Amino acid sequence: MTNLTGKNLCPNCGANENQSDLRYCENCGVKLGSALILHPAPPVPRPNETLIADKFRVESLLWTSPIYNVYAATLNDSPDEHFTIFEQVEELEESQESSSSVQNANKLLGRISGSLEGAAPAFEKFGFFRPVEQIIEGSSIFTVFEQIEGQIVAHLDQRDEKEVRAIGLQLCMLAERFHNHGWSYNGFEPYGVVIDLDGHVRLLSFDRARQIGLPVADAPIYPSRGYTALELFEPEARFDERNDVYAIGALLQSLLAGESLGESASIYPVATVFPNFERLLAQALAEDPKERFQTVRELSDALADLNLPVVLQAGQFTDVGLLRELNEDSILALTLTQYYESVQTQIGLYIVSDGMGGEAAGEVASRVTVRAVAEWVTEKLISASLKSTKEERIAAPTMTGGLRLSVVEGNEMATTEMLRKAVAYANQEVMNYAKRHPDESGLGATCTVAMLVGDVLTIAHVGDSRCYLLSGDNLEQITEDHSVVQKMINTGNLTRIEARVHPYRNVIYRSIGADEMVEVDIIRRKLKIGDTLLLCSDGLNGMLSDDQIRDVLMINPDPNIAAKELVVAANAGGGEDNTSVIVVRIS
């Protein structure tokens, strides 16, 4: 593109000082002479209270991108109805430099965009926001949407690898739908993508979508600096789905780094990411399209196969409370990490046991319970991890969606079976102890065990110690107390509020050490990144409501601080019993 001064106007950065005989822009380095066009600047933002078409009243400017303004607005005669309005320049004034070339290109863009109108209904289900109305007023074109609730990617802070991968998988899915219809999208950029309140990726427009194989010169687009594939700047360029592979790679790179890094896959030292993710980006951003992923399906498969290990962060705390002289609770938190061919498997074992019996050595029962469960599980796992020479990995999925773990001599055992047997072993150990010490008969304990293998949770549970799951802002009790009051709640004879002060609230009907055969509840869950697991003795939930527990967990994302704060809060609420907690955050 040549401007009125006879110099090359760069469509990538807008520099207009390049001499006409230059092949590359002196400012940004991209190839000159391509069919790509410089995007028009956005209009001057409109003040609050401005009326658009005498119908919509501007409440505030939400953001400005390189090509458009976005406003929050309401209906002038119905202020309770909220909208999001995009404003772009329809055409430039004749007096501006290079007006004729840009104007002609804008008119061409209008015709190309119009040719997509028949495809719009199909594209809407691909993740687009549905326009309510389009208004042309003066030199501006306004596109009105129902209120867009979410965040533009350009305004997101640096994100971790797991969140970026999830976004990348959604971008690939959207791009693949375009490609399956014969179009390349060409609009994957920070100001073209919104993450809505449900975490779904939404696209803002498809004015740069072009048929795959179409010469760029026949339907030029404006590039997005740092996100448009370099080959589109070539004079004979054609639209290709590998253009979108490049753009998605650049967008993921900017999310990982928290800033645009331009035409390079190197993130360090701006951000430290897993090396396999950086290698993936290097392939997606290869300058030569032949060296990239050839389809977004290939990129999607590579993202899905990335080994981004789940990290378990645990904090624990226990206290005797304000009224008891002896702490009869016992807890254990243990993490085992194995690497095989650079693939990490992390296993967390967490146990809370509340001893019963008072003078009959309840503290001994809880200690024996925790020791026995840990001994049984770790002997199997550590032996497999350290001694096995034929097993590939310590954990593998089962046909039913659970997990099986390698144990000694090349055998395998499901996590559900492993914990059930571990608790049965602990029950036998407590029974044996009672037989050897008849003066301490009647001792017993609760037992709540959680095993996390990556993001797969298995729980074994006996008694009224509890396991909670905080996911988002929702706290769920995922174990059921084996108590008299819980039975009364289940039959509708008691409310949860009444149960907290009922005289039989501490009476349980199932415990470790009560019978030769113990019935064990087994629960299995798939967790999400960001979830928080809480194991606790009844000293916590006896003093704090579920809402209070949730608030402490949400205010304190650090598991160590959260564990301490929960125990302190239980003591502040009365501290009538021993309180023990283990908090585990999945990241």
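Positions are given from 1 along the sequence. Because the structure is predicted, anything quoted here is derived from the model rather than measured.
Side-chain N/O atoms of N48 and S60 include no donor and acceptor closer than 3.5 Å. Using modelled atom types, one finds a donor on one side chain and an acceptor on the other under 3.5 Å when comparing Y71 with E87. Between N186 and S184, the side chains place a donor N or O and an acceptor N or O closer than 3.5 Å (distance only, hydrogens not considered).
Between the R238 side chain and the G213 main chain, a donor and an acceptor come within less than 3.5 Å of each other. Counting only distance, with no hydrogens or angles, the side chain of Q170 and the backbone of G199 share a donor-acceptor pair below 3.5 Å. In this structure, the side chain of E189 does not engage the main chain of P223 through any donor-acceptor pair within 3.5 Å. The backbone N or O of T64 lies less than 3.5 Å from no partner atom in the side chain of N69, so there is not a single donor-acceptor pair. Looking at R46, its side chain never comes within 3.5 Å of a backbone N or O of V58 through a donor-acceptor pair. Proximity of a side-chain donor or acceptor of S545 to a complementary backbone N or O of Q548 within less than 3.5 Å is detected. Using modelled atom types, one side-chain atom of Q158 and one backbone atom of L256 make a donor-acceptor pair closer than 3.5 Å. The backbone N or O of D157 lies less than 3.5 Å from a partner atom in the side chain of R159, making a donor-acceptor pair. A donor-acceptor contact shorter than 3.5 Å links the side chain of T228 to the backbone of S224. Checking side-chain atoms of H155 against main-chain N and O of Q151 turns up no donor-acceptor pair under 3.5 Å.
Heavy atoms only, all atoms of each residue included: A229 and F233 are closest at O-CD1, 3.8 Å. The shortest heavy-atom contact between F142 and E137 is CE1-CB, 3.8 Å. Considering all non-hydrogen atoms of both residues, Q313 and S587 come closest at OE1-OG, 3.4 Å. The two residues P559 and R585 have their closest heavy-atom pair at CG-CB, 3.9 Å. The two residues N560 and G315 have their closest heavy-atom pair at OD1-CA, 3.4 Å. Of all heavy-atom pairs between L214 and A219, the closest is CD2-CB, 3.6 Å.
Within 6.0 Å of atom NZ in K564, 12 or fewer heavy atoms from other residues, nucleotides or ligands are found, so the atom counts as exposed in its surroundings. Environment of CD in E287: sparse, with no more than 12 heavy atoms of neighbouring residues, nucleotides or ligands closer than 6.0 Å. Dense packing is recorded around CG of D288, with more than 12 heavy atoms of other residues, nucleotides or ligands lying under 6.0 Å away.
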- Item | Worked check of salt bridge (Lys or Arg N to Asp or Glu O under 4.0 Å) between R550 and E476 | CA-CA 9 Å; R550 180 199 61 205; E476 176 189 3; over 6 Å; no
- Query: Is there a salt bridge (Lys or Arg N to Asp or Glu O under 4.0 Å) between E298 and R242 once you walk through the steps?
  - Reply: CA-CA 11 Å; E298 289 183 14; R242 292 173 297 182; over 6 Å; no
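The shortest side-chain heavy-atom distance between H179 and R297 does not fall under the 4.5 Å cut-off. Between V310 and L312 the shortest side-chain heavy-atom distance falls below 4.5 Å.
Ring geometry for Y68 against F86 counts as tilted: the plane angle lies between 30° and 60°, on a 0 to 90° scale.
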Show me the side-chain donor-acceptor pairs of residues 74-85 shorter than 3.5 Å, one per line, residues at least two apart or across chains.
unit_1: N76; atom_1: OD1; unit_2: R57; atom_2: NE; d: 3.0
unit_1: N76; atom_1: OD1; unit_2: R57; atom_2: NH2; d: 2.6
unit_1: S78; atom_1: OG; unit_2: E81; atom_2: OE2; d: 3.2
unit_1: T84; atom_1: OG1; unit_2: I148; atom_2: N; d: 2.9

